[in-house]
Structures are given as C-alpha cells and as structure tokens.
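Read through the structure below, which is laid out as structure tokens, and then see the notes.
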Amino acid sequence: MIRRDPRAERDAMVVSRTPRLRLDRTHRGGASLTRADAPVAAPTIIHIAEPAFLVFAVIEAAGGALNRHDRQVIGAARTLAGRDAAVVVLTPHLPSQAPDAIGTAGGDRTITLPTPTYDPERSAALIAQAITDHAPRHVVFPESADGGDLARRVAALTEADLFAGAESLTPTQAIRPAQAGRVELRATPPRLISIAPDRIAPYHGAPHAADPLPTPAAAATPGGIRAATTLAVDAATIPLDQAPLVIAAGNGVTDFAGFLDLARALGATPGASRVVCDAGALPRALQVGASGTVLNAECYIALGISGAPQHLQGIGTVEHIVAINTDLHAAIIARAGLAIIADAQDVMQALRAML
Amino acid sequence: MNIIVLLSAGRDPQSGTPRPVPVELQAIALALALATHLAPTTTITGLHAGEPDPSVLDALGHGLTTLTLLRTNPADDPLATLAAEIDRARPDLILAGRRGRGGTDSGLLPYRLARARAMPIAADAIAIEPDGNDLAILQSLPRGARRRLTLARPAIVTIHEAAPPARTFAFRARRSGTIHEKPGIPAPSPTDNHEIRPYRQRPRLIAETTQPTTAGHLMLAPTPETAAAAVLAYVEQFRGR
Ligand SMILES: Cc1cc2nc3c(=O)[nH]c(=O)nc-3n(C[C@H](O)[C@H](O)[C@H](O)COP(=O)(O)OP(=O)(O)OC[C@H]3O[C@@H](n4cnc5c(N)ncnc54)[C@H](O)[C@@H]3O)c2cc1C
C-alpha cells in the first residue's frame, strides 16, 4: 500500500510563497509544475552498437526528402528489427540535414547509393552487392512505381522471391493479398518484402543514430536502358487527387482569373471550396472536400477558406497546409503549418509579382 | 518486328471466374498499334505456359490472332518453359502486364525472365515506338508524371493501366484464332509455406496529420510582401516535382 504524504503533496502545489502563499489545487496528483525556464531534456539518441542482425530499408527520397511511404518503410524495418537489430537505410544522396530525418524515422545506419541519375539497373546491382556484403535478414522496399520496380530487379538479381505489397507486418508474420485480391497469403517474413502505401505505421519512438556505412563497390556495367528523361508535366492537367501541390480558392477570394493565373505561375493544381463551385466561379471538378475530391497532396494552400468539416475531410492526409484568412478563429488556421492572417487578395497579388 | 505478349490466367476480382487480365489486353492493343505504325511484317503472338484456361483463350477475341500454349501444370514454375520458347522464337519485344490478377500477383515473372535471358526490362509503359535499333518507351509515373526511356532490343516491357484501352471482345475472332499447343518443361516450383485465407480488408493508416505535425507558424497581419515571401519559402520544396 502506498501512504499519502500530505506535506509533499502540498509542497508540490506551491506556486509561490511571496508575497503570500499561493497553491494550485487544480493540479491533481502532486507532480510539481515545471518552470518555464526549466531546461528541456534533449532526446536520448539510441545507438545499437552490436546488432543481432541487420534489416535493410530501401527508400526513394524523391526530391531529397523522406516522404510518408519512405518513413513507413523504415518503420516496417524497425518493426522487423526490434530492439536488438539495426536498421540500415539505403538511400540516394540526401542533402546534409536529411540524416537527422533518417535517425528520427528509426534508421541506425545509412548507406548512400551513388546514382545521380535514374538508373534502376545500377541501383539494383548496388543493392544486391550490399546484400552480399552485409547479409541482412530482411530487405524492405516501398511498393511504389519506382520502388516496386527496383524491388523486382533486386529479387531477380539475387534469385530470391519477393513478398510484394505487404499490408500487415509483424516480426513473425507478413500478409499480402493475392488471386485478384480474393485471398491473402500469410507467411513468416521472408528476405525481400515490399510494403503497400499507408498500411504499416512509421516509427515514433526516440531517434536512432543513423551512422553512415561505406557505399557498396560494384563495377558499373553498361545496361540496356540507354537514356531516360523525365518529362515536365503541366500542373493544371494533373488529376486533382494525384496532384502534389494544390492551391484552392474559397469564399474569401474575389479575383478568380488572377487565382488561376497564380496557380499556373506557381506550378500548382487549382482547387476550390464548395461555395465557390456552387456560385459557378470555378468548375465543379475543382471542388475539394467530402462531396468533391479527396486530395493526396503533399502541400495545400487555402486562400480565404474557413475550413468547414466537409472541406477538411478532403485534405485529411495532407501534411503541409498554408492558410491565408482574415479570420484568426477559422478552423483551417488550427490545421495549418503556416497560417497568415491577411487579406487573400493582397497576398495573391504580391505572390504573383514575386514569380 | 516479332512481338510476344505474355498472357496469364486471370480471375475476376468479384466473382473469381476466369477473365483476362485487363493490362494484358491493353498490351495486345499496344502491340497492334505498333504493328499498324510499322511495316506490315510485324507478327504478334500470345504466349501462355499452363493449361488452356478460358481467360487466356479469350485474349484471341481482343485482337490477338495466334496464341502459343505450352502445356504445363499450372502449379509449375513457368520460367524455364517461357525462356525456352523465347530462345526459339527470338522476339524483338516481349510485352506483359505490370501485375497478374488471379495467381500470386507479384509481378515478378517478367523480371526473372529478363534476368534469365539477359534482356533489359522497363516497367509501366503507356506508349512504345521503335527508335532506330532501339525502342522508345513512355513510362507512366505517379502524380501524372511521365518518363521517356530508350531501351536496347530485344527487351521486356510491362504495361501500365494508363495505357490506351483494350480492343473490345469479338466472338468470331475468338473462334477463328489459331492456337499452337506444345508441351512445356515441367519444373515444380519450390513449395512456399504460405497460408491462404480469404482476404480481409484492413483499415488504411489515417495519416497522423489530421493534427498539424509541426507546431504551426502564425503570422498576424504581415505586409503582403512578407506574407508572400513566407508562402514561397514554405512551398518551395513542393514545386516542380
Ligand atoms: C453535405 C455537405 C457536403 C459538403 N461538401 C463540401 C465539400 O466537399 N467541399 C467544400 O469545400 N465544402 C463542402 N460543404 C460546404 C461546407 O460546409 C462549407 O460551407 C464550405 O466549405 C465553405 O466554403 P468557404 O470556406 O470557401 O466559405 P466560407 O465558409 O464563407 O469561408 C470564407 C472564409 O474566407 C475568409 N475571408 C473572407 N474574406 C477574406 C479575404 N478578403 N481574405 C482572406 N480571407 C477572407 C473568411 O474569414 C472565411 O473564413 C458541404 C456541405 C454540406 C452540407
């Protein structure tokens, strides 16, 4: 049995003793209030010096930053590794601040693959070489367009089977759909696994160390892919549910020609709230929200949109939101990563002038 | 040009009855477009290793005129059979769907075949053109992006769902198509210890972003210029991807 200590509880409630004793009785449980100037403990970084085994996580890091799927891949590798094994993240070259991002996502080591241009044959050869060098127990890939392609190339090179598009993963069991999605296959996690997007949770614990390892040495041989060029896409033609960057106009916008011009100049796909579509100012196809399009964008710019629940449903998965609104108490402001209390028209004009 | 289209035994996702895999029919349509585009000497052959599954035979009704059927046990590994047929037929281009629909559906076979025959492989094509002695391929990427690749011939190319639509089914063509039947090479596939259960729908992760992940930055009544500069700085990394 735990004895109460009324004196200690009372001491914990003390806010100040001068000029008179003040107690904070609403603060239940007796834990003392932390002072504002108390030093914040730096998160302890987890080092796994002598791993029981290794798990590889191959990430795409398109554009030099980790996306959601990349973090899920590292999270899946973390799940397979547990506390005693190390996660080795195989990544293309990243800008200097990105190793932090890998450690936060749960990576213990990084191997940088020197592939400056799109060359899946070379990437696959390098990964196969790293697999021979380090003999990882598992290799996890993202089941994305390029990630899935790379996973199959590595599987063919190493003559291993690929557990493609896993939807559930624990250290003892992996599950994936098969036979036209009518059945699911369950197995102990094999060596090569690719994970479907938005199925396996990213890692949220204390950051890991992400120490660099040497790059694998594989001789460059001329491949069958002679040339590759990525074609520029016109943002206005991307379907709204696939667009990476969306700029949307709400009831606070009055100049719609200027808005569409800004979207074009910014390289963003235009969207709108329902009020704007109902009024006929922009076509219905642009409507974002519960009764419009649900976005998969990375970034969303809301101009003069209040953030009604039906609208917020359409941007539920968007990570980065910029809101420009005259009302500090609009719901979208609470959801935004960058909230600007200003007239949307003026900011639109200033933005257009800067492009 | 000699084109082979790999066909697999497809199943309907809802009813489970035999039905051709849609991307493989799109591959046939793409091959036919290539044939009209090129000299009329192009031959297009369907290739299947397994049993005469109705879903494979139905491909004849979607524009294919000849089908080579290599009889093997459907549970066998088709790699050796297909590789031997490719050595014999010497195609310039092999088309396949990006994933099967009705079997393991892992999309691995074209890659294993490419490795076995030392051919280059490219995924997710939506258009193919000859480019001198090479092949020019337009690849579909997520978010509406496209990539143009040049591949050495002979090559294996898998087709994406965004490719032009398949030809509609014609019963007469299905009846009059030629089927060459030959024995395949029996190669029992290594037993995998997969447990098979009826599919259970699992919830997708809801991004933990219905709450802002980073503490939001708030600007109260800035000048339009500072506001615009802040927006640009924030948005910069997402532009022109
Ligand atoms: C069944 C149902 C389904 C719905 N589905 C959808 C849907 O799919 N999508 C959708 O969007 N809505 C949908 N709605 C409507 C939704 O409830 C809201 O009415 C709508 O989203 C509001 O749009 P808004 O934010 O543009 O307009 P308002 O709510 O009028 O907000 C305008 C905002 O602009 C600000 N503002 C005004 N002037 C300026 C200025 N000069 N500069 C900057 N800011 C300014 C205001 O402060 C305000 O916050 C649905 C409603 C129902 C009932």
Side-chain angles (χ1 to χ4, degrees), chain A residues 63 65 68 144-145 149 152-153 155-157 162 164 167-168 177-187 198-199 201 223-231 233 237-239 242-245 266-267 298-299 301 316-319 322 335-342 346-347 349-351 354, chain B residues 11 13 16 101-108 111-112 115 120 122-124 134 141-152 155 193-200 202 204-205 207 209-210 212-214 216-222 224-225 227-228 230-232 234-235 237-241:
Chain A
R68 213 159 74 215
S144 55
D149 177 58
R152 285 164 180 79
R153 285 178 195 274
L157 263 184
L162 174 70
E167 293 188 350
S168 165
Q179 297 180 16
R182 291 167 55 78
V183 303
E184 59 187 34
L185 303 182
R186 297 175 169 214
D198 292 340
R199 297 293 186 167
I225 299 181
R226 299 264 164 83
T229 43
T230 309
L231 307 182
V233 275
T237 62
I238 306 177
Q242 292 180 20
L245 172 62
L266 199 61
E298 286 162 21
C299 180
I301 309 173
T317 59
V318 183
E319 279 185 47
V322 181
R335 176 73 173 77
L338 173 63
I340 298 175
I341 310 302
D346 297 348
V347 179
Q349 270 167 23
L351 206 52
M354 289 174 85
Chain B
R11 292 289 175 269
R101 207 176 74 173
T104 355
D105 301 358
S106 67
L108 196 55
Y111 289 85
R112 293 176 63 213
R115 169 96 179 119
D124 297 345
D134 296 339
L141 301 177
R143 302 202 182 284
R146 300 280 183 263
R147 191 190 284 133
R148 189 175 292 283
L149 297 179
T150 314
L151 276 188
N193 52 352
H194 291 166
E195 181 191 345
I196 299 181
R197 298 260 190 112
Y199 182 68
R200 186 161 76 81
R202 289 181 180 71
R204 281 172 178 271
L205 288 186
T209 49
T210 27
T213 37
T214 49
H217 181 60
L218 180 70
M219 298 171 84
L220 271 173
E225 284 70 31
V231 173
L232 261 192
Y234 191 91
V235 165
Q237 57 164 316
F238 307 106
R239 291 179 63 197
R241 281 258 196 98

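If you're wondering where the values come from, they're calculated on a predicted model, not measured in any experiment. All chains are named by letter (A, B, ...) in the order of the sequence lines, taking the proteins before the strands, and each is independently numbered beginning at 1.
- Heavy-atom pairs under 4.5 Å with chain A were tallied for B/Arg101, B/Arg202, B/Arg11; the largest tally goes to B/Arg202.
- Between chain A and the options B/Pro222, B/Gly102, B/Pro120, B/Ala122, the largest number of non-hydrogen pairs under 4.5 Å is found for B/Gly102.
- Once rounded to the nearest 0.5 Å, the distance linking CG of B/Asp134 with CZ of A/Arg226 reads 4.5 Å.
- Top candidate by heavy-atom pairs under 4.5 Å with chain A, chosen from B/Leu141, B/Leu149, B/Asp124, is B/Leu149.
- Of all the heavy atoms in B/Arg146 and A/Val233, the pair that sits closest is N-CG1, 4.4 Å.
- A/Arg152 and B/Gly107 make their closest contact through CD-O, 3.3 Å (heavy atoms, listed as atom of the first residue, atom of the second, distance).
- Nearest heavy atoms, A/Cys299 versus B/Val235: SG-CG2, 4.1 Å.
- Across A/Gln179 and B/Asp105, no two heavy atoms sit closer than the pair N-OD2, 3.3 Å.
- Smallest separation of non-hydrogen atoms from B/Tyr199 and A/Pro177: CE1-CB, 3.7 Å.
- When heavy atoms are compared at a cutoff of 4.5 Å, A/Ile301 approaches chain B solely by way of its side chain, counted from C-beta outward.
- Interface remark: of the candidates A/Ala228, A/Ala187, A/Ala145, A/Ala228 forms the most heavy-atom pairs closer than 4.5 Å to chain B.
- Note: B/Leu218 CG to A/Ile341 CD1 = 5.5 Å, rounded to the nearest 0.5 Å.
- Your options are B/Pro142, B/Gly103, B/Ala123, and the one with the most heavy-atom pairs under 4.5 Å with chain A is B/Gly103.
- When each of A/Ala155, A/Ser144, A/Ala350, A/Ala164 is checked for heavy-atom pairs under 4.5 Å with chain B, A/Ala350 comes out on top.
- In this structure, B/Arg204 and A/Arg199 have side chains that are in contact, with non-hydrogen atoms separated by less than 4.5 Å.
- Across all their heavy atoms, B/Arg143 and A/Pro244 have their closest contact at CD-CB, 3.6 Å.
- Most heavy-atom pairs under 4.5 Å with chain A, from the set B/Arg112, B/Glu225, B/Glu195: that is B/Glu195.
- Contact check for B/Tyr111 versus A/Asp149: side-chain heavy atoms found under the 4.5 Å cut-off.
- Comparing A/Ala178, A/Pro239, A/Ser168, A/Ala243 by how many heavy-atom pairs each has under 4.5 Å with chain B, the most go to A/Ala178.
- Most heavy-atom pairs under 4.5 Å with chain B: of the set A/Leu162, A/Asp346, A/Ile225, this distinction falls to A/Ile225.
- Contacts between B/Arg147 and chain A at a heavy-atom distance below 4.5 Å involve backbone atoms as well as side-chain atoms.
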